[in-house]
Amino acid sequence: MRHFHVLDISFYQIQIFLAVGERESITQAAQYLNITQSAVSKNIKSLEDTLGLYLFRREKQALCLTPAGRLLMDEMSTIYTMTENALEKAHVLQKGEEKPIVIGLPDSSNLERFFLNTKDYLRKHNISTSLHIECLPFHQLEKQLQNGVIDIVLTCGFDLVSFEHPELTCITLPSGPYYAYMKPENTLSERGSIPMSELQSHPFLMFSPIETPAYEQLVLSMCRSAGFQPQIAKYVTSPNSFICNFETGQEVFIADAYMRESDNTSLRRVAIRESQSCIALIRRRRNSNLTIPYIFSEIAACWEEAGPN
């Protein structure tokens with residue numbers, strides 16, 4: 001078997017070979033490539049000599065591929081098409097890096113602190129894409145994503161049901177247990193963790209179903225699993241309203257570690273045993289900006305590597 005180095009042949013020679021093979025004509029291939037017939041013939045002869053293969057034969061004045069030539073054409077056309085597509089995508093990606101990627105976050109979260117880490121992560125990996133962050137109410141995130149105003153959404157896992165659409169790609173990222181947030185005077189505030197059942201006698205502060213019906217369903221499901229119905233003290237429409245709506249000091253509200261008030265020193269948070277929250281990362285499947293799926297995967301990788309603190 002004759003041995004040769006793949007670098008002994010060029011993509012220019014492959015392009016000429018494929019053009020001749022598709023048309024079975026040196027004349028037509030030369031016209032298509034806008035080069036001379038002599039250049040086509042010389043490159044085909046050089047490729048045959050380098051490979052030690054007869055690629056074409058003449059039959060009744062027609063130029064036909066040999067069996068070896070047909071096999072080589074079938075394999076090389078795939079490689080050549082893949083290379084062309086890769087180069088085209090790379091150019092689109094480079095052009096797309098000039099435009100900021102718009103990330104939508106729920107305004108009830110403090111996930112924006114995670115994106116400070118994300119920007120550092122992208123810089124560390126030599127990714128120059130600019131990120132623009134928009135914090136919006138839950139009910140606006142899905143609409144803005146579908147309308148193309150937002151490119152990627154990062155939201156609480158319980159709201160994933162709002163994004164169940166075949167045109168959307170969703171992945172979930174683990175984010176630890178759910179917590180019961182409460183005032184320091186609450187009788188449970190010094191506990192490291194509690195079962196959900198211990199909240200049975202405590203009034204609940206809840207997000208309004210108008211804001212996000214999925215939140216109420218989450219809390220009701222957790223309570224039912226623990227064998228009780230929650231005492232709902234108040235519904236609020238804004239995450240900033242929770243802290244202002246404690247009346248007795250015994251109220252609680254359920255949220256993950258990235259709720260807007262999670263850093264508030266006037267609150268305590270107690271982990272709920274055997275609970276698991278997640279963050280949902282969502283984008284449209286079809287998007288002309290090829291940077292978006294790439295950045296989407298990089299955000300997920302950043303979360304897996306470092307998390308949002």
Side-chain angles (χ1 to χ4, degrees), residues 105-114 135-142 153-163 172-280 308-309:
L105 308 177
D107 58 8
S108 62
S109 76
N110 60 4
L111 284 165
E112 63 268 23
R113 64 178 176 166
F114 165 63
C135 296
L136 298 168
F138 280 108
H139 64 272
Q140 290 189 22
L141 289 172
E142 191 271 342
V153 166
L154 192 74
T155 188
C156 301
F158 64 77
D159 198 42
L160 190 56
V161 294
S162 302
F163 296 87
T172 56
L173 308 169
S175 59
Y178 281 106
Y179 292 86
Y181 287 82
M182 60 192 71
K183 298 289 284 185
E185 57 265 35
N186 191 299
T187 53
L188 300 175
S189 66
E190 298 302 321
R191 301 275 294 276
S193 65
I194 56 172
M196 188 70 187
S197 59
E198 292 207 25
L199 297 177
Q200 182 170 356
S201 61
H202 292 261
F204 281 71
L205 298 175
M206 302 272 280
F207 265 129
S208 167
I210 298 174
E211 173 67 14
T212 168
Y215 175 81
E216 183 177 46
Q217 292 304 311
L218 166 74
V219 177
L220 291 175
S221 175
M222 292 176 72
C223 292
R224 280 196 297 267
S225 296
F228 69 94
Q229 285 290 113
Q231 305 173 41
I232 300 174
K234 286 183 181 178
Y235 287 100
V236 301
T237 58
S238 164
N240 298 323
S241 301
F242 278 121
I243 196 67
C244 302
N245 280 283
F246 284 88
E247 298 291 345
T248 67
Q250 295 302 304
E251 294 89 350
V252 297
F253 61 93
I254 306 298
D256 59 25
Y258 314 114
M259 190 273 305
R260 172 68 60 190
E261 295 287 352
S262 60
D263 294 329
N264 194 314
T265 56
S266 67
L267 290 176
R268 300 287 186 271
R269 72 179 188 187
V270 181
I272 299 174
R273 295 175 199 161
E274 299 181 1
S275 67
Q276 179 62 54
S277 68
C278 66
I279 296 296
N309 292 329

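Because the structure is a prediction, the values reported are computed rather than measured.
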- [ ] Using the side-chain contact (heavy atoms from CB on, under 4.5 Å) rule, pick out the option among Tyr179, Tyr178, Phe253 that qualifies with Met259.
- [x] Phe253
Open item on the list: Does Ile210, at its CD1 atom, have more than 12 non-hydrogen atoms belonging to other residues, nucleotides or ligands within less than 6.0 Å?
Closed with: no
Task: Sub-4.5 Å side-chain heavy-atom contact between Tyr181 and Asn264 - done: no
- [ ] Could you check if a side-chain atom of Leu199 sits within less than 4.5 angstrom of a side-chain atom of Met222, using non-hydrogen atoms only?
- [x] no
Open item on the list: Could you measure the distance from the CD1 atom of Ile194 to the CG atom of Leu188? Nearest 0.5 Å is fine.
Closed with: 5.0 Å
Task: OH-CG distance between Tyr258 and Leu111, expressed to the nearest 0.5 angstrom - done: 8.0 Å
Open item on the list: Tell me if a side-chain donor or acceptor on Ser208 pairs with a main-chain N or O of Thr237 at a distance below 3.5 Å.
Closed with: no
Open item on the list: Side chains of Thr187 and His202, heavy atoms from C-beta outward: is any pair under 4.5 Å?
Closed with: yes
Task: Spacing of CD belonging to Glu274 relative to CE belonging to Met196, to within rounding of 0.5 Å - done: 12.5 Å
Task: Expected output: side-chain Ser221 to main-chain Gln217 donor-acceptor under 3.5 Å - done: no
TODO: Could you tell me the separation between the OG1 atom of Thr155 and the CZ atom of Phe163, rounded to the nearest 0.5 Å?
DONE: 5.5 Å
- [ ] Only counting residues at least two apart or in another chain, list the ones meeting ring-ring contact (aromatic ring centres under 6.0 Å, His included) with Phe158.
- [x] Phe138, Tyr215
Open item on the list: Any heavy-atom pair between the side chains of Leu267 and Lys183 that's under 4.5 Å?
Closed with: yes
Open item on the list: With heavy-atom distances below 4.5 Å as the criterion, would you say the side chains of Glu198 and Arg191 are in contact?
Closed with: yes
Task: Minimal non-hydrogen separation, Ser175 against Gln276, with atom names - done: N-NE2, 3.8 Å
TODO: Please determine, by modelled atom types, if Glu216 and Tyr235 share a side-chain donor-acceptor pair under 3.5 angstrom.
DONE: yes
Task: Where Val161 and Ala214 come nearest, the two heavy atoms and their spacing - done: CG2-CB, 3.8 Å
Task: Main-chain N/O of Pro177 paired to Ser275 side chain as donor or acceptor, under 3.5 Å - done: no
Open item on the list: Quick check: closest heavy atoms across Ser277 and Asp256, and the distance to 0.1 Å?
Closed with: OG-CB, 3.6 Å
Task: Given Ser162, Cys135, Pro106, the one that forms side-chain contact (heavy atoms from CB on, under 4.5 Å) with Leu141 - done: Pro106
TODO: Assess whether side chain to side chain contact (heavy atoms under 4.5 Å, CB included) is satisfied between Val219 and Met206, documenting all intermediate values.
DONE: CA-CA 8 Å; Val219 177; Met206 302 272 280; 3.7 Å; yes
Task: Nearest-0.5 Å distance, CG of residue Leu160 to OG1 of residue Thr172 - done: 7.5 Å
Open item on the list: Using side-chain heavy atoms (C-beta onward) and a distance below 4.5 Å, is Glu211 in contact with Pro137?
Closed with: yes
TODO: Output the distance between atom CZ (Phe114) and atom OG (Ser109), rounded to the nearest 0.5 Å.
DONE: 11.5 Å
- [ ] Grab the two heavy atoms, one from Ser197 and one from Ala226, that are nearest each other, plus how far apart they are.
- [x] N-CB, 3.8 Å
Open item on the list: Looking at Gln229 and Leu220, would you say the former's side chain and the latter's main chain have a donor-acceptor pair under 3.5 Å?
Closed with: no
Open item on the list: Can you tell whether the side chains of Glu251 and Lys234 come within less than 4.0 Å, N to carboxylate O?
Closed with: no
Open item on the list: For a 4.5 angstrom cut-off between non-hydrogen side-chain atoms, does Leu154 reach Ile279?
Closed with: yes
